[in-house]
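Since the structure comes first, as C-alpha cells, the remarks are kept for the end.
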Amino acid sequence: MKLDAKIPGGPIAQKWDRHRFELKLVNPANKRKYEIIVVGTGLAGGSASASLAELGYNVKTFCIQDSPRRAHSIAAQGGINASKNYQNDGDSDWRLFYDTVKGGDFRAREANVYRLAQLSGNIIDQCVAQGVPFAREYGGQLANRSFGGAQVSRTFYARGQTGQQLLLGAYSALSRQIAAGKVKMFPRREMLDVVVVDGKARGIIARNLVTGEIEKYAADAVVLSTGGYGNVFFLSTNAMASNVTAAYRAYKRGALFANPCFTQIHPTCIPVHGTYQSKLTLMSESLRNDGRVWVPKKTGDRRPPSQIPESERDYYLENKYPSFGNLVPRDVASRNAKEQCDMKKGVGETGLAVYLDFADAIKRDGKDVIAKKYGNLFQMYEKITAQNPYETPMMIYPAVHYTMGGLWVDYNLMSTIDGLFVLGEANFSDHGANRLGASALMQGLADGYFIIPYTIGGYLAANSKKEISSDHPAFRESSAGVESGASKLLSIKGKRTVDDFHRQLGNILWEYCGMSRNDEGLKKAVKLIQELRGEFWENVLVPGSEKDLNQSLEKAGRVADFLEFGELMVMDALSRRESCGGHFNEAFQTEENEAKRDDDNFCHVSAWEYTGEGKEPALHKEQLVFENVKLTQRSYK
Ligand SMILES: Cc1cc2nc3c(=O)[nH]c(=O)nc-3n(C[C@H](O)[C@H](O)[C@H](O)COP(=O)(O)OP(=O)(O)OC[C@H]3O[C@@H](n4cnc5c(N)ncnc54)[C@H](O)[C@@H]3O)c2cc1C
C-alpha cells in the first residue's frame, strides 16, 4: 500500500488556502441530502457535529456518556495555544509551527502543523464569540501564559478549567443544532464496528449501553473523534471511559494505525499512592510558569522540604536547561524527574516524586495572585493529598497522559478507509513524537471547526452519492460479529475480573514500554501480553447479561481490544530503532542522555496494517519531508 498524504503543492503558508479553493463544493441544497455520522462529542466531535450541521448536513452524533458535555475534553485544565501575539513577545504562525515541529522531535508532517498554526487564531475568535470566558487582563485584553517548549506566552486559558469552558462552547453550538433538528444525538451508545461497503465507510454498529440493544446506522461518511488510548496503561490521567475500541475496530476494518508507541508521559501528576488506585490526577503544566522543580542534592535525604536549605536543593531543570528552565517540553521534564528518582534523590514515601515549589512565586506576587491563576488546582491537590501547596511544595511524578499515535490520516483527515475521517486525539496527525502543552485542544478544535467542514465536502462532492440502508448484508454481518463478541465474553465465566487483567496489562506496558524502553524489556512485554491475552479469554469473569446495562461487559470489550493493541504498541516501539520525543529507547541516547534520533532511517510515520487474527501486522511508512524546518538535535539549553 502506498500512503499518499495528499499534501497540496506550493509554499507552506499558501497550501491550505489553495487546497480549500481546489476542493470541490457541495451546494447548499445538496448538503441537506447527506447523512454524516460523528462518533464522539469531545472538543473534536462536538465542534465537528455543530459545524457540519450548521452547513446543512444531517448529522447523527454518538457518545458513551449520558451527555455530550461529559466527554473527556472537560478535564483539560491549562489552556489552548494560539499565535495571536497579544503579548507582543515575538509570536507568529511561523513560530508556533516551528515550536510544534521541534517539540514533536521532527516526527510530524510540516503541512499539517503549519495549517494548525494558521487556524489557531480563528479558534480563539470562534470561542470568544460563543462566550467562552477566557481569562482577561485588567484592560480587557485576553490574557496568556506560557507552556512548555515555547519562549513566548501564547496559551489562552480559563483558570484551570479551559477544557470545560471550551466544551460548553462547543456543546452550546451542538445543542442549537439538536434543537434545529439537524443533529440527532445518541448518548449512551458505544460504537463497536465501522461498516465498510465497496471500500467506503458507510455506517457504524453501536451498542445501546442502557438497553443492551445492538443498533445499526447508515451514512454517507463517518467521522471518528473518539479520543486517545492512554488508558491502555490502566493508570493514566484520562477519563475512565477513554478507550481504543472505536479506533482499533476501524483498524481491523482497514484503517492504518500510525505511531502507536508514541505516548506522552506528563511530568506533573500526583504520584501513585497504592496498588488499588484506579486513576491518576494531573497537575496542569501551567503550574510550571510559577512553580520551581527541585530535589534534595543529597541522595536519600528524608528531611521535610522546609528543613532543606536553598544551598542543598537542586533545581535541576533550571540548572540543566537555562533557556527554558522549568518550561522544557514534557518528555524532557519527565525523563529528568525519572533520572533524579533513579539516582535516589526522589522525595515522599515512595521516593518516586519531585517537588514543585511555589514559595518564591508567592513571596514575589502574593498568595492572592497565585490563587487567581491556579486556585482550583491547588484546592484539588489539597483534597487529594491533604497537604496545602500554599505552605509546602507539591509532590509530583510523571504519568501517562496523552497519545500522539492514532489512526493514520491524510491532509484531509481521512483514514485509509475512504469516507472514514478521524479527528482530535484519535488521529496521529500533528504532534509528532511529543505533544507540546495546550496543543491538543487547539488541534481538536481546528479539526472540528475549521478543517472537516471543508474536507468532508470535498470527499462527498468527488464521489457520486449512493443510497444505502442499514439492512445491507454488510451491516448484518458486522452486527452479528458484535453480538457474538459479547456472548463470547459472557460465556467464559472465569475467576479474574476485567480490572484485574487491565491492571496487569498496564503494569507490563508501564514497566517495559513506558518512559524509557529497551529491546530486552520490549521483547519480554510481547510475550507477557500474549500470555495475559490467552488467560483473559479463558479466565475472565464478566457477570450479567448483554441485554441490559452492563458496565463489566463494556469494560471487557475495551480491555480485550487493549490486550491486542498493547502488543501493537510494543511492536511499533521495537521497530523504531531510534529515540525521539516520548519514545525513548535506552540504546539510542546522546552523551547527555537526550533522545537520539536517526533521521536517515526513521524520519517517517510508521503506519500498521491489520492482516488478520494471529498474523503479524504489516508496516507501511510515510516518509516525512522537511522543506521549511531544518532537522537538528533538539536543544532547550
Ligand atoms: C487531565 C487532562 C488535562 C488536559 N489538559 C489539557 C490542556 O490544558 N490543554 C490541551 O491542549 N490539552 C489538554 N489535555 C488533552 C486534551 O484534553 C485531549 O487531548 C482532548 O480533549 C481530546 O479531545 P477529543 O475530542 O479528541 O476526545 P475526547 O474529549 O476524549 O472525547 C472522546 C469522545 O468519544 C466518545 N467515544 C469514545 N469511544 C467511543 C465509542 N466506541 N463509541 C461512542 N463514543 C465513543 C466519548 O464518549 C467522547 O464523547 C488534557 C488531558 C487530560 C487527561
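Counting starts at 1 for both ligands and their atoms, following the listed order.
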Please say whether the positively charged group of [X], taken as NZ for Lys or CZ for Arg, lies over the ring of [Y], i.e. under 6.0 angstrom from the six-membered ring centre and within 45 degrees of the axis.
{"X": "R145", "Y": "Y157", "answer": "yes"}
{"X": "K555", "Y": "F501", "answer": "no"}
{"X": "R189", "Y": "F62", "answer": "no"}
{"X": "R115", "Y": "F450", "answer": "no"}

Looking only at heavy atoms, is any part of [X] under 4.0 Å from ligand 1, and if so is it the side chain, the backbone, or both, or is it neither?
{"X": "S225", "value": "backbone"}
{"X": "N81", "value": "neither"}
{"X": "M442", "value": "neither"}
{"X": "S439", "value": "backbone"}
{"X": "T245", "value": "neither"}
{"X": "T41", "value": "both"}

Q. Does A75 reach ligand 1, in the sense of a heavy atom lying below 4.0 Å from it?
A.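 Under 4.0 Å: yes for A75.
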
Q: Report yes or no: does a heavy atom of G79 sit under 4.0 Å from some atom of ligand 1?
A: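 So G79 counts as touching ligand 1.
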
Report the member of [options] with the shortest heavy-atom distance to [atom].
{"atom": "atom 39 (C) of ligand 1", "options": "T237, I64, I204", "answer": "I64"}
{"atom": "atom 38 (N) of ligand 1", "options": "N243, T403, L423, L441", "answer": "N243"}
{"atom": "atom 14 (N) of ligand 1", "options": "H72, R435, E425", "answer": "R435"}
{"atom": "atom 34 (O) of ligand 1", "options": "G40, G230, S67", "answer": "G40"}

Q.
Checking side chain to side chain donor-acceptor pair (under 3.5 Å) between Q177 and each of K184, E54, K182, which is the one that passes?
A.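 The residue from K184, E54, K182 that satisfies side chain to side chain donor-acceptor pair (under 3.5 Å) with Q177 turns out to be E54.
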
Q) Per the side chain to side chain donor-acceptor pair (under 3.5 Å) rule, which among H431, R330, H401 passes with Q264? A)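 Of H431, R330, H401, side chain to side chain donor-acceptor pair (under 3.5 Å) with Q264 is met by R330 alone.
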
**Q.** Heavy-atom side-chain contact between F358 and M394 under 4.5 Å
**A.**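 Answer yes - side chains close enough.
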
(Q) Can you confirm whether L549 sits close enough to L209 that some side-chain heavy atom of one is under 4.5 Å from a side-chain heavy atom of the other? (A)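 Not in contact.
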
Residue [X] vicinity, atoms of ligand 1 by number, heavy atom under 4.0 Å:
{"X": "A438", "result": "9 (N), 10 (C), 11 (O)"}
{"X": "A246", "result": "41 (N)"}
{"X": "V39", "result": "42 (N), 43 (C), 44 (N)"}
{"X": "R189", "result": "42 (N), 43 (C)"}
{"X": "A76", "result": "3 (C), 4 (C), 5 (N), 6 (C), 7 (C), 13 (C), 17 (O)"}
{"X": "G78", "result": "7 (C), 8 (O)"}
{"X": "Q65", "result": "46 (C), 47 (O), 48 (C), 49 (O)"}

I'd like to know if the side chain of [X] and the backbone of [Y] have a donor-acceptor N/O pair within less than 3.5 Å.
{"X": "D105", "Y": "G581", "result": "yes"}
{"X": "S415", "Y": "L420", "result": "yes"}
{"X": "S175", "Y": "Y171", "result": "yes"}

Q | Minimum-distance pair of heavy atoms, taken over all atoms of A170 and L43 | A |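 Looking at all heavy atoms of both residues, the closest pair is CB-CD2, 4.5 Å.
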
Q) What is the minimum heavy-atom distance between A246 and M191, and which atoms define it? A)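 That closest heavy-atom pairing would be O-CE, 3.8 Å.
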
Checking a contact table here: which protein heavy atom is nearest [atom], and how many Å away?
{"atom": "atom 29 (O) of ligand 1", "result": "S73 OG, 2.6 Å"}
{"atom": "atom 36 (N) of ligand 1", "result": "T226 CG2, 3.9 Å"}
{"atom": "atom 41 (N) of ligand 1", "result": "M191 O, 3.1 Å"}
{"atom": "atom 3 (C) of ligand 1", "result": "L282 CD2, 3.3 Å"}
{"atom": "atom 25 (O) of ligand 1", "result": "A44 N, 3.0 Å"}
{"atom": "atom 2 (C) of ligand 1", "result": "H401 CE1, 3.4 Å"}

Q. Would you find more than 12 non-hydrogen atoms of other residues, nucleotides or ligands less than 6.0 Å from Q551 atom CD?
A.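 Open.
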
